[in-house]
Amino acid sequence: MTWPSEAPREAQPTEAESYRILRSRIDLSRLPKHSRDVTERVIYATADFDYATDLVCDEEALAVAVDALAAGAPVVADGAMVAAGITGCPVVCKIGEPLTARLARTVGISVPAAAIRLSFGEVGSGAVWVVGCSPAALTEILTRGVEPAFVIGLPVGFVAAAAAKDALRASGIRSVSNVSEKGGAAAAAAALEALLRSALDVTGSRAGWAAGGSAAWSAPLPTADP
């Protein structure tokens with residue numbers, strides 16, 4: 001499990017200015033709260049305005065994700081870069097463990113798929129899964145029957161990424177994904193961060209570090225001007 005070394009306490013001036021610029025270039029006020037938070041945060045993290053139309057958000061599903069995080073659901077990342085980008089909570093990530101490579105060789109599966117199997121063995125059902133690196137990890141989540149609370153499915157690549165995201169949407173699992181081949185660790189971590197910040201605002205929240213018995217991070221996203 002990965003623990004961030006220090007919790008950022010407030011939005012930095014650069015972040016606030018970035019949001020001001022973002023909102024001067026695109027108006028997402030038509031979107032409901034969670035969908036807007038996620039879309040803006042992904043654009044903020046990637047400087048890619050195409051996500052405004054590429055992301056597939058469902059407000060009710062996003063609200064379930066917020067509730068799950070507030071209830072202390074574990075967060076699982078498919079890759080080290082995704083885990084490193086999540087600074088607001090402990091993260092389970094098995095991609096670099098020797099046992100993962102051993103399982104992949106023994107069973108004849110990819111290392112990302114093996115990491116998902118080992119992660120599921122640790123956290124069980126009801127976790128929030130964050131996939132930003134490997135389509136194989138997303139496919140393993142779908143075929144392994146991990147019973148997630150929510151999946152952030154934003155793997156990147158020209159091979160299998162878009163198809164894996166299509167399969168995620170077709171599965172009926174509560175999720176956020178995107179239509180194209182783009183994605184990546186920064187986008188996936190940003191989507192989780194937006195949901196986590198909302199979860200921290202829930203009364204009695206066990207999200208973030210609070211779920212692990214440490215001080216909770218509570219920096220809000222910059223709000224839009226009225």
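Numbers here simply count residues along the sequence, with the first being 1.
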Margin query: With a 4.5 Å cut-off on side-chain heavy-atom distances among I, L, V, M, F, W and Y, is there a chain of contacts connecting V123 to V151?
Written below: yes
What donor-acceptor contacts under 3.5 angstrom involve side-chain atoms of residues 107-116, with partners at least two apart or in another chain?
unit_1: S110; atom_1: OG; unit_2: A113; atom_2: N; d: 3.2

Check: What is the distance from atom CG of L138 to atom CD1 of I152, rounded to the nearest 0.5 Å?
Finding: 11.5 Å
Check: Between G145 and F120, what is the shortest heavy-atom contact and its length?
Finding: O-CZ, 4.0 Å
Note to self: Which residues pass the ring-ring contact (aromatic ring centres under 6.0 Å, His included) test with Y44, not counting sequence neighbours?
What the structure shows: Y19
Next item on the list: List in chain and number order the residues that pass salt bridge (Lys or Arg N to Asp or Glu O under 4.0 Å) with E59, two or more places apart in sequence or in another chain; answer none if no residue qualifies.
Entry: none
Item checked: Electrostatic pair D37:R41 at N-O distance under 4.0 angstrom -> no
Note to self: When you measure from the side chain of Y51 to the backbone of A187, do you find a donor-acceptor pair of N or O atoms at a distance under 3.5 Å?
What the structure shows: no
Note to self: Salt bridge or not between R169 and D166? Use side-chain N to carboxylate O under 4.0 Å.
What the structure shows: yes
Next item on the list: Kindly indicate whether the side chain of P148, heavy atoms from C-beta on, has any atom under 4.5 Å from the side chain of V128.
Entry: no
Notebook entry, point to check: Hey, what do you get for CD1 (I86) to CG (L192), rounding to the nearest 0.5 Å?
Noted result: 4.5 Å
Notebook entry, point to check: V75 versus V92: any side-chain heavy-atom pair under 4.5 Å?
Noted result: no
Notebook entry, point to check: If we only count heavy atoms from C-beta on, is the E122 to K94 side-chain gap below 4.5 Å?
Noted result: yes
Note to self: Do L154 and V130 have side chains that approach each other closer than 4.5 Å (heavy atoms only, starting at C-beta)?
What the structure shows: no
Notebook entry, point to check: Just wondering, do I173 and F150 contact through their side chains at under 4.5 Å, heavy atoms?
Noted result: no
Item checked: Heavy-atom donor-acceptor pair, T139 side chain to P135 backbone, under 3.5 Å -> yes
Checklist line | Side chains of S180 and D54, donor plus acceptor under 3.5 Å | finding: yes
Margin query: Restricting to non-hydrogen atoms, name the atom on G208 and the atom on L196 that form the minimum distance, rounded to 0.1 Å.
Written below: N-CD1, 3.6 Å
Next item on the list: Tell me, with the steps shown, if V146 and S125 meet side-chain contact (heavy atoms from CB on, under 4.5 Å).
Entry: CA-CA 6 Å; V146 302; S125 61; over 6 Å; no
Check: Looking at K33 and S198, what are the two nearest heavy atoms and their distance?
Finding: NZ-OG, 3.7 Å
Checklist line | Contact summary for I26 and A52, nearest pair of heavy atoms | finding: CD1-CB, 3.4 Å
Check: Going by an N to O cut-off under 4.0 Å, is there a salt bridge joining E181 and K165?
Finding: no
Next item on the list: Can you spot which of V176, V64, V66 makes a side-chain contact (heavy atoms from CB on, under 4.5 Å) with H34?
Entry: V66
Checklist line | Close side-chain approach of R197 to D201, heavy-atom, < 4.5 Å | finding: no
Margin query: Under a 3.5 Å distance rule, please check whether T53 uses its side chain to pair with a backbone N or O of D50 as donor and acceptor.
Written below: yes
Notebook entry, point to check: Thinking salt bridges, do R174 and D58 make one under a 4.0 Å N-O criterion?
Noted result: no
Check: Within the side chain of T46, is there an N or O that forms a donor-acceptor pair under 3.5 Å with the backbone of D48?
Finding: yes
Next item on the list: List the atom of L142, the atom of S171, and the distance in Å for their closest heavy-atom pair.
Entry: CD2-OG, 3.9 Å
Next item on the list: Please report the C-alpha distance between S119 and W129 in whole Å, then the side-chain angles of each, then the deciding distance to 0.1 Å, and finally whether the side-chain contact (heavy atoms from CB on, under 4.5 Å) criterion is met.
Entry: CA-CA 10 Å; S119 297; W129 296 76; 3.9 Å; yes
Next item on the list: Taking all heavy atoms of D78 and all of G132, pick out the closest pair and write down the distance.
Entry: OD1-N, 3.0 Å
Checklist line | L69 side, atom CG; L200 side, atom CG - distance, nearest 0.5 Å | finding: 8.5 Å
Next item on the list: Report the distance from atom CG of L99 to atom CG of L118, rounding to the nearest 0.5 Å.
Entry: 5.0 Å
Checklist line | Full working for side-chain contact (heavy atoms from CB on, under 4.5 Å) between C93 and V82 | finding: CA-CA 9 Å; C93 182; V82 176; over 6 Å; no
Check: Between R23 and E40, is there a side-chain N and carboxylate O pair less than 4.0 Å apart?
Finding: yes
Next item on the list: May I ask you to decide if L31's main-chain N or O and S35's side chain share a donor-acceptor pair within less than 3.5 Å?
Entry: no
Note to self: Set out, in order, the CA-CA distance, both residues' side-chain angles and the distance that settles side-chain contact (heavy atoms from CB on, under 4.5 Å) for R25 and I21, then state yes or no.
What the structure shows: CA-CA 6 Å; R25 296 186 182 181; I21 294 170; 3.7 Å; yes
Next item on the list: Taking the side chain as every heavy atom from C-beta outward, state whether L195 and V38 have any atom pair closer than 4.5 Å.
Entry: yes
Notebook entry, point to check: Should V179 and V56 count as side-chain neighbours, where that means a heavy-atom distance under 4.5 Å?
Noted result: yes
